Amino acid sequence: MSTFQIKRNDRLPSLTATLKQGVGTTSEAAIDLTTATSVKFIMKDAQTPGGTAKVAAAAVVVTPASGTVKYNWAAGDTDTPGTFSCEWEITFPGPLLQTVPSSSYDTVKIDVDLG
């Protein structure tokens, strides 16, 4: 799992990831997003992962064949310092759903700024 750090209220840099299946196994392979109809970035407080999402918004598919996506932070997304669990939800035709990572979560850490 990966950790992304950003300061409170910053909106750059965007969060970029390569979505892979079988993470943590010998078969880690990028997910081909060529036929995906959407990718959503979801982020919740790590202390209450069952609670309301801080972010649940569309991500941008950067390079479909290699599974590269990014999320451009919106106003209010990074206004609360803390540690957040996050995942990517891919929708394929059908609609078939795949969540990455498939076990556990990635982490976003928002630090307090000094300004």
Side-chain angles (χ1 to χ4, degrees):
M1 303 314 115
S2 64
T3 299
F4 178 84
Q5 290 187 266
I6 193 166
K7 292 283 182 114
R8 180 179 54 189
N9 294 318
D10 283 1
R11 292 178 61 189
L12 290 174
S14 297
L15 175 59
T16 303
T18 298
L19 304 185
K20 296 181 179 182
Q21 52 193 344
V23 174
T25 70
T26 56
S27 63
E28 278 188 31
I31 298 170
D32 186 345
L33 302 172
T34 304
T35 62
T37 57
S38 68
V39 177
K40 184 190 298 185
F41 174 69
I42 301 168
M43 182 175 88
K44 293 184 175 186
D45 186 312
Q47 301 301 313
T48 55
T52 303
K54 173 79 171 155
V55 177
V60 176
V61 177
V62 177
T63 311
S66 63
T68 306
V69 296
K70 74 175 177 177
Y71 177 69
N72 296 314
W73 299 105
D77 286 351
T78 61
D79 64 353
T80 306
T83 302
F84 297 84
S85 297
C86 62
E87 61 189 19
W88 306 85
E89 190 174 88
I90 309 162
T91 303
F92 290 99
L96 300 173
L97 192 64
Q98 183 174 4
T99 303
V100 176
S102 58
S103 64
S104 192
Y105 304 98
D106 287 335
T107 302
V108 172
K109 187 170 189 264
I110 301 172
D111 293 317
V112 176
D113 58 328
L114 300 178

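All of these numbers come straight from a predicted model, not from anything done at the bench. Keep in mind that the numbers below use all heavy atoms, side chains included, and drop hydrogens, waters and symmetry copies.
To the nearest 0.5 Å, the span separating OG1 on Thr3 from OH on Tyr105 amounts to 15.0 Å. Distance CG/Asp106 to CZ/Phe4: 11.5 Å, rounded to 0.5 Å. In this structure, NZ on Lys7 lies 12.5 Å from CD1 on Ile110, to the nearest 0.5 angstrom. For the atom pair CD (Glu87) and OG (Ser104), the distance works out to 10.0 Å, reported to the nearest 0.5 Å. The CG atom of Asn9 sits 9.5 Å away from atom CD1 of Ile6, with the distance rounded to the nearest 0.5 Å.
Taking Tyr71 as the reference, Phe41, Trp73 meet the ring pair (Phe, Tyr, Trp, His ring centres under 6.0 Å) condition, with sequence neighbours excluded. Checked against salt bridge (charged side-chain N to carboxylate O under 4.0 Å, His left out), Asp32 has no partners two or more places apart in sequence or in another chain.
A donor-acceptor pair is defined here as one N or O able to donate and one able to accept, closer than 3.5 Å; no such pair exists between the side chain of Lys54 and the backbone of Thr78. Side chain of Thr37 to main chain of Thr91: a donor-acceptor pair is present (N/O by atom type, distance under 3.5 Å, no hydrogens or angles).
Taking every heavy atom of both residues into account, Cys86 and Pro101 meet most closely at O-CD, 4.2 Å. The nearest pair of heavy atoms linking Ala74 to Asp77 is N-OD2, 2.8 Å. Considering all non-hydrogen atoms of both residues, Ser66 and Ala30 come closest at O-CB, 3.3 Å.
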Would Ile31 and Trp88 count as a side chain to side chain contact (heavy atoms under 4.5 Å, CB included) if you check the C-alpha gap in whole Å, the side-chain angles of each, and the deciding distance to 0.1 Å?
-> CA-CA 12 Å; Ile31 298 170; Trp88 306 85; over 6 Å; no
Given side chain to side chain contact (heavy atoms under 4.5 Å, CB included), test Asp10 with Asp113 step by step and report yes or no.
-> CA-CA 9 Å; Asp10 283 1; Asp113 58 328; 5.9 Å; no
Mind running side chain to side chain contact (heavy atoms under 4.5 Å, CB included) on Thr68 and Thr16 for me, showing each step along the way?
-> CA-CA 7 Å; Thr68 306; Thr16 303; 4.0 Å; yes
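In this structure, Leu19 is not a member of the same hydrophobic cluster as Val60, with clusters built from ILVMFWY side-chain heavy atoms closer than 4.5 Å. When the side chains of ILVMFWY residues are joined at heavy-atom separations under 4.5 Å, either directly or via intervening members, Val69 and Ile90 end up in a single hydrophobic cluster.
You'll find the side chain of Val108 stays beyond 4.5 Å of the side chain of Val55, heavy atoms only. At a threshold of 4.5 Å between non-hydrogen side-chain atoms, the residues Leu97 and Glu89 count as touching. By the 4.5 Å heavy-atom criterion applied to side chains, Ile42 and Lys40 are counted as neighbours.
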